[in-house]
Amino acid sequence: MPTASQWLLEDPAGRVLERPDQELTGSWGHGPRSTLVRAKAMAPPLAASTPLLHGEFGSYPARGPRYALTLTSQALHIQRLRPKPEARPRGGLVPLAEVSGCCTLRSRSPSDSAAYFCIYTYPRGRLGGRRRATRTFRADGAATYEENRAEAQRWAIALTCLLRGLPLPGDGEITTDLLPRPPRLLLLVNPFGGRGLAWQWCKNYVLPMISEAGLSFNLIQTERQNHARELVQGLRLSEWDGIVTVSGDGLLYEVLNGLLDRSDWEEAVKMPVGILPCGSGNALAGAVNQHGGFEPALGLDLLLNCSLLLCRGGGHPLDLLSVTLASGSRCFSFLSVAWGFVSDVDIQSERFRALGSVRFTLGTMLGLATLHTYRGRLSYLPATVEPPSPTPAHGLPRAKSELTLTPDPAPPMAHSPLHRSVSDLPLPLPQPALASPGSPEPLPILSLNGGGPELAGDWGGAGDAPLSPDPLLSSPPGSPKAALLSPVAQGPPVIPPSSGLPPPTPDGRVSTSTCGPPDHLLPPLGSPLPPDWVTLEEDFVLMLAISPSHLGADMVAAPHARFDDGLVHLCWVRSGISRTALLRLFLAMERGSHFSLGCPQLGYAAARAFRLEPLTPRGVLTVDGEQVEYGPLQAQMHPGLGTLLTGPPGCLGREP
């Protein structure tokens with residue numbers, strides 16, 4: 001299995017980004033980068049409307065309409081031909097951004113020489129939410145099943161390559177050799193996330209969708225705080241292509257710090273990580289959703305959007321912030337460091353966790369009622385490169401002296417017996433048996449890998465024979481076989497006591513990292529700062545140091561921030577602001593327009609490193625929403641240290 005370091009990374013403009021110490025490949029599970037480069041040389045870039053495939057198909061059941069299908073790099077165009085062509089086709093455009101995967105099928109009737117091509121889609125409904133839909137087309141233009149199967153497979157292979165970001169050969173020869181190897185993902189699920197709905201959402205939505213995409217994965221349910229950290233510290237990472245958390249931001253915090261606490265952290269941190277939002281705080285998922293070009297979303301819609309992006313594959317460099325605490329211990333942040341109002345609301349609202357994301361609204365109201373100010377000293381190293389200019393709606397304050405817009409190899413780790421605690425997909429999820437009227441047997445449960453999501457409800461017709469997956473495409477070489485019974489069909493998976501993993505953390509405090517890259521920009525905490533640093537000593541209402549654009553799924557704190565801009569974005573609010581003005585700031589933050597309000601107490605700076613020295617004896621500090629020891633701290637940004645599974649950038653994922 002290729003190592004986790006074999007990835008192709010792209011910036012928002014589509015340029016290939018390489019790390020000198022890292023061999024990269026393209027999207028999910030294809031061959032070495034040299035193969036990708038040769039394939040791209042064979043296939044020059046095509047316009048979004050350039051037809052790649054065109055053909056006529058029937059429908060299932062066989063007496064339904066006939067269609068003309070046209071596949072482009074952005075969408076599948078469907079036009080009804082018979083019984084009557086449509087002047088304005090309804091549902092005739094299927095954007096690839098809404099497609100999770102596809103498969104080929106065959107009839108169980110020996111006399112049926114047709115082959116079938118099925119796609120799984122998640123279009124937005126009239127009320128805005130996504131709903132699952134399947135479209136099944138009948139390839140029947142040839143006299144023999146073998147010829148019709150070849151045509152159906154040609155379409156399925158081409159569509160799969162487009163979904164994975166793989167180029168099609170310029171000569172039009174589309175064979176199974178182009179199919180990527182199914183990636184191997186480790187899913188970590190926090191069953192208590194999202195008001196306890198995380199497991200149900202994972203089972204009902206996440207697992208079916210990524211099965212449709214042909215992704216192979218194992219799944220572990222975490223049982224306690226720092227469990228995920230312990231798991232990744234004992235993994236043999238060469239067996240995995242990515243680690244995906246199904247929870248809020250806290251579980252990913254554990255995973256990243258666990259990777260950076262390994263003796264082989266330099267290789268471990270290259271492991272691509274992803275997040276599927278099922279928690280109360282889904283800030284990084286909100287940024288991923290925006291990066292993918294989707295409209296702002298919450299709850300289940302946000303989960304479906306991020307799951308679609310995960311199915312497409314593709315990684316992006318992720319900046320990580322190294323935070324040194326007063327005791328000298330260190331942890332790594334992918335999200336934010338907060339002090340004052342934001343951290344107060346985050347921690348004090350923990351008692352309302354059962355309310356889900358509503359806890360933050362309630363906590364904000366309570367925080368406004370008891371608004372505090374905190375004396376402190378904020379110092380920062382200004383950025384030497386200007387960050388992207390925000391749009392007029394995202395204008396930034398222009399206060400003098402405040403605003404800087406320049407904005408030995410480790411031994412192998414012991415392998416944990418994960419096979420005892422996880423479920424290997426494809427998984428036959430529990431579903432009712434459905435049958436077409438007049439069919440002698442129930443329609444089968446179908447998916448890209450031959451098990452999983454039930455499609456039978458989308459097919460039917462008196463006298464029509466049931467369809468079966470085509471094994472040549474539905475089970476690519478190297479994919480695991482479906483298990484007859486699975487823990488997913490019985491209930492949440494259970495971690496055995498004898499898992500061979502490190503012992504649990506003695507208390508509930510946030511663990512810190514002892515490894516990781518050196519902080520070459522930071523003098524020892526407590527030592528004088530270099531002269532090129534800027535220092536502010538104020539009475540603050542809040543101080544926020546944020547890396548990505550979002551502070552919450554619906555809170556755009558730094559609208560111009562990127563995952564890999566190499567900057568930490570410092571935002572602060574001084575004392576003297578009224579409760580009404582502060583509330584107005586947070587309401588405007590939902591649109592990312594708070595900087596355009598002209599609030600004189602709001603400040604901003606783009607920095608490479610910073611130091612925060614609270615001068616108030618009592619207060620709350622958080623790192624990625626987790627409370628840490630109170631006292632002086634300092635932090636340095638490490639550009640592109642991690643890799644985040646984001647799916648394609650917005651130009652490909654933009655919704656129609």
Side-chain angles (χ1 to χ4, degrees), residues 53 55-69 71 76 78 99-121 133-161 163 174-179 182 208 211-214 425-426 428-429 431 433-482 484:
L53 289 177
E56 181 176 333
F57 286 79
S59 58
Y60 182 82
R63 292 177 300 281
R66 295 195 66 80
Y67 299 97
L69 302 186
L71 181 63
L76 177 66
I78 306 171
V99 177
S100 61
C102 62
C103 71
T104 57
L105 310 165
R106 66 174 302 174
S107 173
R108 291 185 181 179
S109 171
S111 61
D112 188 354
S113 62
Y116 297 84
F117 166 52
C118 176
I119 62 173
Y120 313 112
T121 69
T134 61
R135 301 293 297 267
T136 304
F137 303 98
R138 175 185 171 99
D140 54 5
T144 66
Y145 169 73
E146 286 71 20
E147 293 174 291
N148 289 323
R149 181 183 63 173
E151 178 66 6
Q153 287 188 344
R154 192 164 72 99
W155 280 75
I157 293 169
L159 179 57
T160 300
C161 289
L163 291 176
I174 299 174
T175 66
T176 54
D177 294 336
L178 298 174
L179 282 177
S211 290
E212 294 162 359
L425 279 201
L429 303 181
Q431 300 170 57
L434 300 178
S436 295
S439 295
E441 57 184 320
L443 291 179
I445 294 173
L446 303 177
S447 80
L448 188 63
N449 277 343
E454 168 252 316
L455 305 180
D458 301 296
W459 306 327
D464 289 291
L467 304 181
S468 299
D470 183 336
L472 292 182
L473 185 65
S474 61
S475 298
S479 63
K481 302 299 182 183
L484 295 179

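All residue numbers refer to positions in the sequence shown, counting from 1.
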TODO: Please tell me if the side chains of Ile119 and Leu159 come closer than 4.5 Å, counting only heavy atoms from C-beta onward.
DONE: yes
- [ ] Work out which heavy atom in Pro65 is nearest to a heavy atom in Ser59; give both atom names and the distance.
- [x] O-OG, 2.9 Å
- [ ] Rounded to the nearest 0.5 Å, what's the gap from CZ on Phe117 to CG on Leu69? Could you check?
- [x] 7.5 Å
Task: Euclidean distance, Tyr120 OH relative to Cys102 SG, rounded to 0.5 Å - done: 8.0 Å
TODO: Measure the shortest side-chain to side-chain distance between Thr144 and Ser113 over non-hydrogen atoms and say whether it is less than 4.5 angstrom.
DONE: no
TODO: Could you pull out all residues at least two apart from Phe57 that satisfy ring-ring contact (aromatic ring centres under 6.0 Å, His included)?
DONE: Trp155
- [ ] Would you name the heavy atoms of Leu163 and Gly101 that are closest together and state the gap between them?
- [x] CD1-CA, 3.9 Å
Open item on the list: So, using side-chain hydrogen bond (donor to acceptor under 3.5 Å, both in side chains) as the criterion, who are the partners of Ser100 when residues are at least two apart?
Closed with: Glu212
Open item on the list: Using the side-chain contact (heavy atoms from CB on, under 4.5 Å) criterion, which residues pair with Ser111? Sequence neighbours excluded.
Closed with: Ser109
Task: Qualifying residues under salt bridge (Lys or Arg N to Asp or Glu O under 4.0 Å), relative to Glu56, sequence neighbours excluded - done: Arg66, Arg82
Task: Minimum heavy-atom distance Asp140-Ala114, with the two atoms named - done: CB-CB, 4.0 Å
- [ ] Check the pair Glu146 / Arg149 against salt bridge (Lys or Arg N to Asp or Glu O under 4.0 Å), numbers first and verdict last.
- [x] CA-CA 5 Å; Glu146 286 71 20; Arg149 181 183 63 173; 5.8 Å; no
Open item on the list: For a 4.5 angstrom cut-off between non-hydrogen side-chain atoms, does Ile157 reach Thr176?
Closed with: yes
Task: Check: Leu105 and Tyr60 side chains under 4.5 Å, non-hydrogen atoms - done: no
- [ ] For Asn148 and Ala142, indicate whether the former's side chain and the latter's backbone hold a donor-acceptor pair under 3.5 Å.
- [x] yes
Task: Ala158: side-chain contact (heavy atoms from CB on, under 4.5 Å) partners, not counting sequence neighbours - done: Leu53, Leu71, Leu168, Ile174
Task: Approximate separation, where rounding is to 0.5 Å, of Tyr116 OH and Thr136 OG1 - done: 9.5 Å
